[in-house]
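Residue numbers run from 1 in the order of the sequence given. Note that this is a predicted model, so its numbers are computed, not measured. Hydrogens, waters and symmetry mates play no part in the numbers below; they use all other heavy atoms, side chains included.
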Amino acid sequence: MFEKMMLDTVKSGLAACMGQWTELLTSPADSPEADATRFFCLFRVLLLEPENDVAEATKVFLSEGPDRDAVTDLLHYLAEFTAVGDGLADRARRCRQLIAERACE
């Protein structure tokens, strides 16, 4: 479901998929994996809460120690969001930049 929503968002834009993202990201996480839960928390701010600071959400995600695979996946998804345009592209770029800066520390 997640991968399909990513594809639909890239093809059709965030507005067309907002209902699906809202349903997914506001539902209780059914994954026992901590990385998946943190990942969804970051996506909630990125996609559904443009008034909230993506930098703070990114710092929280990184401070909780996601594994390398989760960070790699996140970077790929953020790259896809940069093609969407609107404010989402800018927020995704900012998030990627913060992750890159953290990797250089």
Side-chain angles (χ1 to χ4, degrees):
M1 175 190 229
F2 178 81
E3 294 293 333
K4 182 183 180 326
M5 287 175 23
M6 285 293 303
L7 179 61
D8 289 347
T9 302
V10 171
K11 286 173 49 178
S12 304
L14 180 59
C17 302
M18 187 61 83
Q20 295 170 307
W21 281 115
T22 300
E23 184 178 333
L24 176 67
L25 297 174
T26 59
S27 301
D30 61 356
S31 173
E33 298 178 37
D35 283 336
T37 301
R38 285 190 293 268
F39 190 81
F40 276 32
C41 289
L42 175 59
F43 265 47
R44 187 176 309 117
V45 171
L46 185 70
L47 299 169
L48 304 180
E49 302 172 2
E51 70 281 0
N52 289 334
D53 186 8
V54 72
E56 183 61 32
T58 303
K59 284 178 20 181
V60 169
F61 174 80
L62 293 172
S63 72
E64 294 176 346
D67 68 31
R68 174 170 269 156
D69 289 339
V71 173
T72 300
D73 288 343
L74 176 60
L75 289 170
H76 289 292
Y77 294 134
L78 292 170
E80 291 178 32
F81 283 144
T82 62
V84 173
D86 298 326
L88 177 57
D90 294 336
R91 291 167 61 78
R93 275 191 218 59
R94 178 71 179 131
C95 189
R96 286 188 65 158
Q97 177 186 8
L98 292 166
I99 293 168
E101 289 170 2
R102 178 74 179 262
C104 292
E105 292 179 348

[atom1] of [X] to [atom2] of [Y]: how many Å apart, nearest 0.5 Å?
X: Cys95; Y: Leu62; atom1: SG; atom2: CG; result: 7.5 Å
X: Gln20; Y: Thr22; atom1: CD; atom2: OG1; result: 9.5 Å
X: Met1; Y: Leu24; atom1: CE; atom2: CG; result: 6.0 Å

side-chain hydrogen bond (donor to acceptor under 3.5 Å, both in side chains) partners for Thr58, two or more places apart: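 Counting only residues at least two positions away or on another chain, Thr58 forms no side-chain hydrogen bond (donor to acceptor under 3.5 Å, both in side chains).
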
Hydrophobic clusters here meaning ILVMFWY residues chained together by side-chain heavy-atom distances under 4.5 Å, can you tell me if Leu7 and Met18 are in one?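 Leu7 and Met18: separate clusters.
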
Shared hydrophobic cluster for Ile99 and Leu88 (ILVMFWY, side-chain gaps under 4.5 Å):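 Yes.
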
If the condition is side-chain contact (heavy atoms from CB on, under 4.5 Å), which residues does Thr82 pass it with, not counting sequence neighbours?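 Per chain and number, Thr82 pairs via side-chain contact (heavy atoms from CB on, under 4.5 Å) with Ala92, Arg93.
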
Distance-only criterion, 3.5 Å: show the donor-acceptor pairs between side-chain atoms of residues 40-53 and protein atoms not counting sequence neighbours.
{"from": "Arg44", "atom 1": "NE", "to": "Leu25", "atom 2": "O", "distance (Å)": "2.7"}
{"from": "Arg44", "atom 1": "NH2", "to": "Leu25", "atom 2": "O", "distance (Å)": "3.0"}
{"from": "Glu49", "atom 1": "OE1", "to": "Asn52", "atom 2": "ND2", "distance (Å)": "2.7"}
{"from": "Asp53", "atom 1": "OD1", "to": "Ala55", "atom 2": "N", "distance (Å)": "3.0"}

Can you list every salt bridge (Lys or Arg N to Asp or Glu O under 4.0 Å) pair that touches residues 7-28, not counting sequence neighbours?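 Sorted result for residues 7-28: Lys4-Asp8.
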
For Arg94, what residues pass the salt bridge (Lys or Arg N to Asp or Glu O under 4.0 Å) criterion, not counting sequence neighbours?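 Applying salt bridge (Lys or Arg N to Asp or Glu O under 4.0 Å) to Arg94 gives none.
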
Enumerate donor-acceptor pairs with a distance under 3.5 Å from any side-chain N or O in residues 71-81 to protein atoms, sequence neighbours excluded.
{"from": "Thr72", "atom 1": "OG1", "to": "Arg68", "atom 2": "O", "distance (Å)": "3.0"}
{"from": "Tyr77", "atom 1": "OH", "to": "Glu3", "atom 2": "OE2", "distance (Å)": "2.5"}

